[in-house]
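One structure is given here, and the rest of the page talks about it.
Chain letters run A, B, ... following the sequence lines, proteins first, then strands; residues in each count from 1.
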Number of protein chains: 2
Amino acid sequence: MAFAIYEEQFRYFLKRNNLKFTKERREVIAAIAIQRNHFNAEDIHQQLKKQKSNVSLATVYRTIPLLIGSGLMTETTYGGERIIYEKIYNKPHHHHMVCINCGKIIDFTCPDVEIVQNDICQKNFFLSTEYRLEIKGYCQTCRKKMKNKKMNRTFIQEFK
Amino acid sequence: MAFAIYEEQFRYFLKRNNLKFTKERREVIAAIAIQRNHFNAEDIHQQLKKQKSNVSLATVYRTIPLLIGSGLMTETTYGGERIIYEKIYNKPHHHHMVCINCGKIIDFTCPDVEIVQNDICQKNFFLSTEYRLEIKGYCQTCRKKMKNKKMNRTFIQEFK
DNA sequence: TTGTAATTGAATATCATTCTCAATTACATT
DNA sequence: AATGTAATTGAGAATGATATTCAATTACAA
């Protein structure tokens, strides 16, 4: 499974940065390896408890930047109450559609965006490390609810 | 100037939603009208003080969703400590490059992205209300600093 | 084995944003 | 113009995710 590769990549990162590979960090990786598509800090902590691990939430938060720095995961969407992460190992680069009614996140890939992005960065002498196209709106399910007026809209507003 | 139009649009929105046009809300609009490209809740509050207005920070926060709902402004980038807003009146739709070293935000327009976005939404039966392409990386200035190793990098990491 | 800098858990701090509540106010209706 | 009522306000307190402090522990290079 992917776990061994996760650990290898993480150990390499730690060594390069003069950081230690602790029991706690190993357990956090194991917890990450098991996560689904999208998860947050608390999800990791819950998984640790399931694993009978006593790694504290503080350590989870301390480990997150290391996991991102080592290239094992990335932030997905912000804007909600919590930051949502996802693993990136062996996953093609993709973007997100977020339903503003139910919170559902839909992944999609789009090679065209990369071309556009390269072009823009070159023109602006910008060195890109990350780019994302994020679409907000209403998913298929919630559009149906809209017709029945069962949705969470706060204000009356037109759609473009 | 744009202020009168701002107010008209806002009053219309309030009326449609059975909300009141108060002295405080008028003052907040005046404060918004003066803001630069990118600003946050605290910036609005500071501007109110400059205007000798006593509108509280709580009211600023309460007014923000109304301003967004009425189409006067929008969230720009999250991910930092605070939410950054920008006015959208008379401003072409655009995207952002954010320097992860100095925090600089560079606007850019890109008509191609709209085409891509429409296509994806149609395929997924998604009703888009908003979309953004966000590029993170290093701006021209910070790239030069990188060569002199004067940058804020936290971890040693390769660039793609 | 040892020295030392990194790491940990627990508790506490931070700090942007939201909420509570009693007093005030806008404004539709008379 | 007066009235009724629901919306709004400021002040302060609450919230809650994330970060930090500190003393005790631990990884690991030498």
Side-chain angles (χ1 to χ4, degrees), chain A residues 7 10-31 38-46 48-49 51-70 73 75-85 103 152 154-156, chain B residues 7 10-29 31 38-46 48-49 51-70 73 75-85 103 154-156:
Chain A
E7 186 175 314
F10 194 51
R11 292 182 89 127
Y12 177 62
F13 169 81
L14 293 175
K15 184 158 276 182
R16 268 194 306 159
N17 289 279
N18 297 315
L19 303 174
K20 292 173 181 172
F21 183 70
T22 61
K23 169 176 152 292
E24 289 81 6
R25 286 175 181 166
R26 186 193 310 122
E27 290 170 358
V28 171
I29 296 184
H38 304 106
F39 55 91
N40 60 38
E42 186 57 34
D43 293 330
I44 300 170
H45 192 224
Q46 290 304 319
L48 285 163
K49 283 185 185 168
Q51 294 173 193
K52 309 290 178 199
S53 161
N54 290 315
V55 174
S56 70
L57 186 55
T59 294
V60 170
Y61 277 111
R62 284 189 280 235
T63 311
I64 284 170
L66 304 180
L67 291 162
I68 294 172
S70 65
M73 69 182 212
E75 290 182 353
T76 295
T77 27
Y78 343 87
E81 329 72 51
R82 324 195 60 165
I83 300 170
I84 298 174
Y85 303 97
N152 295 332
T154 310
F155 299 117
I156 299 162
Chain B
E7 187 176 310
F10 195 49
R11 291 183 89 125
Y12 177 61
F13 168 82
L14 292 175
K15 185 159 274 181
R16 269 194 304 158
N17 289 280
N18 297 315
L19 303 174
K20 294 172 181 172
F21 184 70
T22 60
K23 170 177 151 292
E24 289 80 6
R25 287 175 180 167
R26 186 194 311 120
E27 289 170 358
V28 171
I29 295 183
H38 304 105
F39 54 92
N40 60 38
E42 185 59 33
D43 292 332
I44 299 170
H45 193 225
Q46 289 305 317
L48 285 162
K49 283 185 185 167
Q51 294 172 193
K52 308 289 178 202
S53 162
N54 290 316
V55 176
S56 70
L57 187 54
T59 292
V60 170
Y61 276 110
R62 284 188 280 236
T63 310
I64 283 170
L66 305 179
L67 291 162
I68 293 172
S70 65
M73 66 182 213
E75 292 182 351
T76 295
T77 26
Y78 341 89
E81 328 73 51
R82 325 196 61 165
I83 300 171
I84 297 174
Y85 304 96
T154 311
F155 299 119
I156 299 161

(message) Categorize A:T22 for me: base, sugar-phosphate, or nothing, with a 4.0 angstrom heavy-atom threshold over every strand shown.
(response) sugar-phosphate
(message) If you assign each of B:L57 and B:K23 to its closest nucleotide in DNA chain C, which residue comes earlier from the 5' end?
(response) B:L57
(message) Taking any atom closer than 4.0 angstrom to a non-hydrogen atom of chain B, what span of DNA chain C does the protein reach, first nucleotide to last?
(response) C:dA16 to C:dC27
(message) What's A:R62 touching, base or sugar-phosphate or nothing? Going by heavy atoms closer than 4.0 Å.
(response) base
(request) Nearest-nucleotide wise, let me know which of B:K20 and A:A58 is further upstream toward the 5' end of DNA chain C. (result) A:A58
(request) Heavy atoms only: give me the nearest B:L48-B:E27 pair and the separation to one decimal. (result) CD2-O, 3.4 Å
(message) I want to check something: taking the side chain as every heavy atom from C-beta on, are A:I68 and A:Y85 in contact at a cut-off of under 4.5 Å?
(response) yes
(request) Report yes if the side chains of B:V60 and B:E42 come closer than 4.5 Å at any heavy-atom pair, otherwise no. (result) no
(request) Report the distance from atom OH of B:Y61 to atom C1' of D:dA14, rounded to the nearest whole Å. (result) 15 Å
(message) Rounded at 0.5 Å granularity, tell me how far CD1 in B:I44 sits from NZ in B:K49.
(response) 13.5 Å
(request) Would you mind reading off the distance between A:L14 atom CG and D:dA27 atom C1', rounded to a whole angstrom? (result) 12 Å
(message) I need the CZ-P distance between A:F39 and D:dA17, as an integer number of Å.
(response) 17 Å
(message) I need the minimum non-hydrogen distance between A:A41 and A:I64, along with the two atoms involved.
(response) CB-CD1, 3.8 Å
(request) Starting from C1' on D:dA29, measure out to CG on A:L19 and report it in whole angstrom. (result) 15 Å
(request) Please state how far atom NE2 in B:H45 lies from atom P in D:dT9, giving the value in whole angstrom units. (result) 13 Å
(message) From CG of A:L66 over to C1' of D:dA19, roughly how many Å is that when rounded to an integer?
(response) 14 Å
(message) Does A:N54 reach a base, just sugar-phosphate, or nothing at all? Heavy atoms under 4.0 Å.
(response) sugar-phosphate
(request) Could you tell me whether the side chain of A:R25 and the main chain of A:K20 form a donor-acceptor pair under 3.5 Å? (result) yes
(request) Figure out the CG/C1' separation between A:N40 and D:dA17, and round it to whole Å. (result) 10 Å
(message) Testing the basics here: between A:I83 and A:N40, what is the closest heavy-atom pair and its distance to 0.1 Å?
(response) O-CB, 3.4 Å
